[in-house]
2 protein chains.
Amino acid sequence: MQKEGSIVGNHSENLLFLTDDQIRQGIEALYFSYRAFTSDPDLILQDINYGRAHHRALYFINREPGLTVTALLDVLRVTKQSLNRVLRTLIEDGLVDSRVGRRDRRERLLFLTEKGQELERRLSEPQRARVRSAYRNAGPQAVAGFRQVLESMMDRDTLRQFHAMRDDAQQ
Amino acid sequence: MQKEGSIVGNHSENLLFLTDDQIRQGIEALYFSYRAFTSDPDLILQDINYGRAHHRALYFINREPGLTVTALLDVLRVTKQSLNRVLRTLIEDGLVDSRVGRRDRRERLLFLTEKGQELERRLSEPQRARVRSAYRNAGPQAVAGFRQVLESMMDRDTLRQFHAMRDDAQQ
DNA sequence: ATTGGAAAGTCAACAAGTCTGACGTAATAA
DNA sequence: TTATTACGTCAGACTTGTTGACTTTCCAAT
């Protein structure tokens, strides 16, 4: 195609990291590592007859105490019927406290009870340990790249959610 | 603790990338990006009344034509009963061809039909496009870090599976 | 050569978790 | 007052996971 110069399609650096094989390996790495990532809490959840949905709910309620059901629906992207079943069991089991909103009394503000916080920690700590260990093992440069690629994979709306979470942690 | 020198706990570089906040952001990035990653095929699957399990089966059969049910079970880590149901529908619908093994006639060797290959491509191509675009956007250094962190998150057995797949692609 | 156990795969029944659709109630907004 | 919003619930369906029981095939020890 081109008479002379660098390899076709390359600008300044070579583009070997964009070969089909590299893409495939990236996809498989994502699949296998995500499964590993969820395996620890999954084992605990199985024992207590809960599912991943319970963990996710506990996680985000702990993340932002007092968030409303609608806000949680927005984060989780499930139907309210589906979330409701999960929330009901969590409330019945004394892990989540649902309080009527002061500002708007139609809203339910969700909080973790002491017991709820304890389970949330027990479920999430193995994941934190896994990520911490992977980070330590890979080093700060690799971690920066990891984050960069993950963010680039999100669509606009998901990225918005992600940044919103990141931002309200600063307060 | 230490009389003099760098900040406590730091070796040569600082360890700010290991703060709780960084770990938390990593976990959330993983959650949100994985959901984005699966969203494209999920939409297609919904239309044809298939689920993610069907995509996974198609993916790995395409990846290694002629693999046995047992081999597929090992990769997917589900019960054979669960896989069987998915395989049955794929075979009935003419997407997968199951041939009795020549070497061992208890085995079933799995292949994609032309139609199966077509659907697999349709499901996986959006994911490849997403990863390719993210890779291009983030650059080769970031990609290396991405891969390094993901691999560090896998447990021994998963890592073995991942490397086995990587290796038999070289042939 | 026979046979008894193990391995590969299938079928049936059940549980969990997701979805859609419809409806009811209470509170807020127009 | 009326329309809209937030939340909860019931019913029915589907996917995907499970366990248990079964058939067919292979292999190895006798």
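Per chain, numbering begins at 1; letters A, B, ... match sequence-line order.
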ask   = Does the ring center of B:Tyr31 lie less than 6.0 Å from the ring center of A:Phe60?
value = yes
ask   = Using 4.0 Å as the upper bound for N to carboxylate O, is an ion pair formed by B:Glu28 and A:Arg63?
value = yes
ask   = Heavy atoms, side chains only, cut-off 4.5 Å: are A:Asp93 and A:Tyr50 in contact?
value = yes
ask   = Are B:Leu87 and B:Val69 close enough that some pair of their side-chain heavy atoms sits under 4.5 Å apart?
value = yes
query = Separation of A:Arg88 atom CZ from C:dA16 atom C1', in whole Å?
reply = 14 Å
OP1 or OP2 of C:dG9 under 4.0 Å from side-chain N/O of B:Asn84 = no
Spacing of A:Leu72 atom CG relative to D:dA6 atom P, expressed in whole Å = 14 Å
Near-strand residues of residues 100-109 of chain B, defined as heavy-atom separation under 4.0 angstrom from DNA chain C = B:Arg106, B:Glu107, B:Arg108
inquiry  = I want to check something: taking the side chain as every heavy atom from C-beta on, are A:Asp21 and A:Gln25 in contact at a cut-off of under 4.5 Å?
reply    = yes
Whole-Å gap separating P (C:dC11) and CG (B:Leu87) = 11 Å
ask   = Linking I/L/V/M/F/W/Y whenever their side-chain heavy atoms sit closer than 4.5 Å, directly or via other members, would A:Val78 and A:Leu45 fall into one cluster?
value = yes
Nearest-angstrom distance from the residue atom CG of B:Asp47 to P of D:dT15 = 13 Å
request  = Take the protein atom CG of B:Leu43 and the nucleotide atom P of C:dC19, then report the distance between them rounded to whole Å.
outcome  = 13 Å
message = Using side-chain heavy atoms (C-beta onward) and a distance below 4.5 Å, is A:Glu118 in contact with A:Glu114?
response = no
task = Nearest whole angstrom, please: distance from the P of C:dA8 to the CG of B:Asp74.
result = 11 Å
query = What does A:Asn49 touch in the nucleic acid at a heavy-atom separation under 4.0 angstrom: a base, only the sugar-phosphate, or nothing?
reply = nothing
ask   = Are A:Arg52 and C:dG17 close enough that a side-chain N or O sits under 4.0 Å from OP1 or OP2?
value = no
task = Quick one, give me the B/S/- string for nucleotides 17-22 of chain D, reading 5' to 3', where B means a protein heavy atom under 4.0 Å from the base and S means that only happens at the primed atoms, P, OP1 or OP2.
result = BBBB--
query = Are any non-hydrogen side-chain atoms of A:Glu151 and A:Leu159 less than 4.5 angstrom apart?
reply = yes
ask   = By ring-ring contact (aromatic ring centres under 6.0 Å, His included), which residues pair with A:Phe32, not counting sequence neighbours?
value = none
